[in-house]
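Taking it in order: structure first as structure tokens, then the write-up.
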2 protein chains.
Amino acid sequence: MKDVAQHANVSLSTVSYVLNDSGPVGKARRARVLDAVRVLGYTPNESARRLRTKSAATIGLIVPDLSNQFFALVAEGVESAAASRDALVVLCAPEAIDRTTEYYVRLLRSQSLDGLVYLPGGDGMTLNLALALAEAGPVVMVDERIRGFDVPSVVADSRSGARQIAEHVLSQGHRRIAIVGGPEALWTSEQRLAGYREALAGFRIPPKDVPHFVGDHREESGTRAAAQLLAESGADRPTALLCVNDLMAMGVYRYCREAGLRIPEDVSVAGFDDITVAGLLSPGLTTVRQPAREMGFQAANLLFDVIDGREATDDEMVLTLPTELIRRGSVSPPHPDDDEAPVQGIGA
Amino acid sequence: MKDVAQHANVSLSTVSYVLNDSGPVGKARRARVLDAVRVLGYTPNESARRLRTKSAATIGLIVPDLSNQFFALVAEGVESAAASRDALVVLCAPEAIDRTTEYYVRLLRSQSLDGLVYLPGGDGMTLNLALALAEAGPVVMVDERIRGFDVPSVVADSRSGARQIAEHVLSQGHRRIAIVGGPEALWTSEQRLAGYREALAGFRIPPKDVPHFVGDHREESGTRAAAQLLAESGADRPTALLCVNDLMAMGVYRYCREAGLRIPEDVSVAGFDDITVAGLLSPGLTTVRQPAREMGFQAANLLFDVIDGREATDDEMVLTLPTELIRRGSVSPPHPDDDEAPVQGIGA
DNA sequence: TTGTATGCGTTATCAC
DNA sequence: GTGATAACGCATACAA
């Protein structure tokens with residue numbers, strides 16, 4: 001920068017002025033400076049700028065698991081929003097190494113990140129973490145909320161989505177339903193459960209009659225769920241499985257394939273998320289679409305608003321994006337005559 | 001830090017010394033400093049440190065598309081390696097906004113990133129970009145290489161993987177094969193093509209007899225490929241499709257489903273990557289597994305080696321990880337009697 | 001409108 | 001062993 005000033009015969013401040021037009025400067029001089037910048041191939045040193053301004057034009061993104069396409073899409077949305085504002089995104093995928101709350105707080109402070117987009121994973125400790133984080137700097141949450149602690153957040157309308165898909169399943173005639181849920185601490189798990197239950201209640205089915213498996217959102221956990229819920233092949237076996245995400249529904253598919261159960265003839269399956277594969281499974285997975293990329297995008301924008309002081313930080317600001325029921329082949333009316341028991345009857 | 005020094009009754013240099021043990025310091029004083037750090041909750045200012053040391057403990061990751069699970073896994077690997085060395089990863093997903101070569105160069109320089117892991121996408125301009133980048137700082141490539149310009153890179157053994165899967169298909173009896181390729185500029189496309197051709201040559205099938213569609217690695221492109229390659233239902237219609245990645249194979253599945261073609265009865269399909277969904281499709285997709293996470297991990301480690309001067313930067317250092325053929329249901333012997341023409345014959 | 005001077009929080013080079 | 005002190009590259013209050 002010194003060189004630039006010299007090359008343009010101006011002082012350092014003048015250069016600084018034109019670079020951030022933070023001060024008035026004559027046309028001629030400005031041109032000279034710009035020229036010098038180009039000629040010398042000058043690139044401002046962001047580290048110095050940060051040190052001086054305390055702001056980094058950089059946000060952090062905490063995401064549990066990039067191999068889950070839903071999360072990956074949220075990440076893309078965040079990146080995209082950041083990019084459109086020339087901000088950087090530093091990626092934190094805690095899955096690999098175990099990071100402590102302290103780690104993130106230090107990250108936020110020591111790197112002088114402007115803020116954090118926080119997409120809580122499956123584990124616990126989210127509350128403490130969020131608390132500590134929000135204290136250390138601006139934080140907005142995506143896809144999840146934490147009860148009792150209101151940071152701004154953008155979520156999808158899980159509850160209504162869950163209600164819709166459950167109603168769809170019920171309206172097909174299913175009455176023996178089981179739920180493959182997510183980690184109990186999560187707001188989304190709770191919301192979707194609530195949505196399911198609303199629908200169930202509408203059909204006068206008491207919660208006690210609805211088995212509930214607690215999964216962890218991963219495929220393998222869906223397989224375990226199916227193994228447990230579909231094990232007994234008696235008349236009590238559920239005819240439909242409501243899964244709180246597509247990955248676990250895929251796990252159910254896997255189990256069914258291995259167990260020789262047909263979808264949807266033997267059991268109907270419903271998912272949540274509408275990740276790409278949902279449409280490619282056979283049969284296609286009936287699910288609820290969440291606008292993943294959009295959620296990430298909005299979340300980042302919200303964060304920038306908070307950072308720029310356009311929103312009150314401690315406001316209980318929550319953006320709820322609409323979900324959409326996607327009907328495909330994995331849900332059909334139940335076929336009682338395909339159940340083992342009746343089959344025996346026929347055989348007799 | 002000043003506060004810490006004061007609280008511990010030592011000078012700033014002493015504090016600095018204990019914090020990076022970059023100098024000898026008495027036990028008592030060291031203890032006092034550490035204590036003060038804890039009490040005051042001191043967090044070093046990384047911006048200042050960077051300014052001073054010119055090193056950021058931060059690398060950049062350029063990745064084309066996070067919604068492709070293969071890329072997402074590579075990203076996870078990179079993140080994981082970085083995390084284990086307490087380094088940060090800034091994410092760049094160029095898909096969203098169009099970034100110029102210049103942008104990345106400036107990124108590398110102005111943010112004083114220590115280096116870049118570069119995973120080229122589908123588009124062109126990779127050569128110029130890589131050139132400019134490598135000039136601006138340490139760069140290692142993952143999954144791809146650029147001919148004529150040797151930066152260190154870690155790749156999977158695409159060629160041998162492609163040969164294996166093609167041989168598998170051929171050994172099932174297929175002779176009318178078509179290829180769903182990737183962007184022609186990419187090294188992987190070329191390698192896989194070469195692998196296919198080696199196998200084909202082994203079975204005395206001239207390249208001219210093998211239709212070749214140029215895709216872009218995205219699912220939709222696979223659908224188009226299938227539409228084109230499988231359009232004519234005559235005796236010339238290929239009985240097997242070799243796809244250079246799973247996403248496009250999924251596109252083929254989609255086309256087949258909509259066109260009423262059965263897999264593998266009417267057409268066998270082979271993929272590449274072995275992303276999660278490959279095993280969940282019906283029938284399972286026969287494909288070649290690439291160690292995606294491992295590739296990212298190794299790439300980041302290689303980058304750190306280069307940064308730390310443990311490897312010659314301009315060395316043609318390339319790490320080739322093994323691939324593995326995964327046989328599932330999407331490839332079976334051809335069923336000539338299922339072809340339309342013979343069917344007519346039978347009907348007559 | 002433009003230049004000068006100071007400080008941001010660290011590290012590193014010296015003397016002590 | 002330890003402590004002053006000078007950069008690092010930039011932004012800005014203030015003087016000119």
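Heavy atoms only: backbone and side chains are in, while hydrogens, waters and symmetry mates are out. Below, chains carry the letters A, B, ... as their sequence lines are ordered, and counting in each starts from 1. This structure is a prediction, so every number in the text was calculated from the model and none was measured.
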Under a plain distance cut-off of 3.5 Å, with no hydrogens placed, do [Y] and [X] share a side-chain donor-acceptor pair?
X	Y	value
E144(B)	T188(B)	yes
S47(B)	S47(A)	no
S13(A)	S11(A)	yes
R50(B)	Q111(A)	yes

Report the distance from atom [atom1] of [X] to atom [atom2] of [N], rounded to the nearest whole Å.
X	N	atom1	atom2	value
D3(A)	dG9(D)	CG	C1'	12 Å
D21(A)	dA11(D)	CG	C1'	14 Å
K27(B)	dT2(D)	NZ	C1'	18 Å
R32(A)	dT2(C)	CZ	C1'	12 Å
L19(A)	dC10(D)	CG	C1'	10 Å
Q111(A)	dT10(C)	CD	C1'	14 Å
Q6(A)	dG3(C)	CD	P	13 Å

Could you report the tightest heavy-atom contact between [X] and [Y], atom names first, then the distance?
X	Y	answer
V105(B)	L133(B)	N-CD2, 4.0 Å
R145(A)	S153(A)	CG-OG, 3.5 Å
E76(B)	L66(A)	OE2-N, 2.8 Å

R32(A) meets the salt bridge (Lys or Arg N to Asp or Glu O under 4.0 Å) criterion, sequence neighbours left out, with none

Categorize M1(B) for me: base, sugar-phosphate, or nothing, with a 4.0 angstrom heavy-atom threshold over every strand shown.
base

With a 4.0 Å cut-off on heavy atoms, is V15(A) in touch with a base, just the backbone sugar-phosphate, or nothing at all?
nothing

Please determine, for the side chain of S11(B), which listed nucleotide (dA4(D), dT11(C), dT2(C)) has the closest atom?
dA4(D)

Shorter than 3.5 Å, N or O on both sides, protein versus nucleotides 12-16 of chain D: list them out with atom names.
| residue | atom | partner | partner atom | Å |
| --- | --- | --- | --- | --- |
| dA13(D) | N6 | Y17(A) | OH | 3.3 |

Indicate yes or no: at least one non-hydrogen side-chain atom of M141(A) is less than 4.5 angstrom from one of I146(A).
yes

Heavy-atom contacts under 4.0 Å between residues 43-51 of chain B and DNA chain D, which residues?
L51(B)

Please tell me if R30(B) has a side-chain N or O lying less than 4.0 Å from either OP1 or OP2 of dG1(D).
no

Within the pair K54(A) and dG9(C), is there a side-chain N or O less than 4.0 Å away from OP1 or OP2?
yes

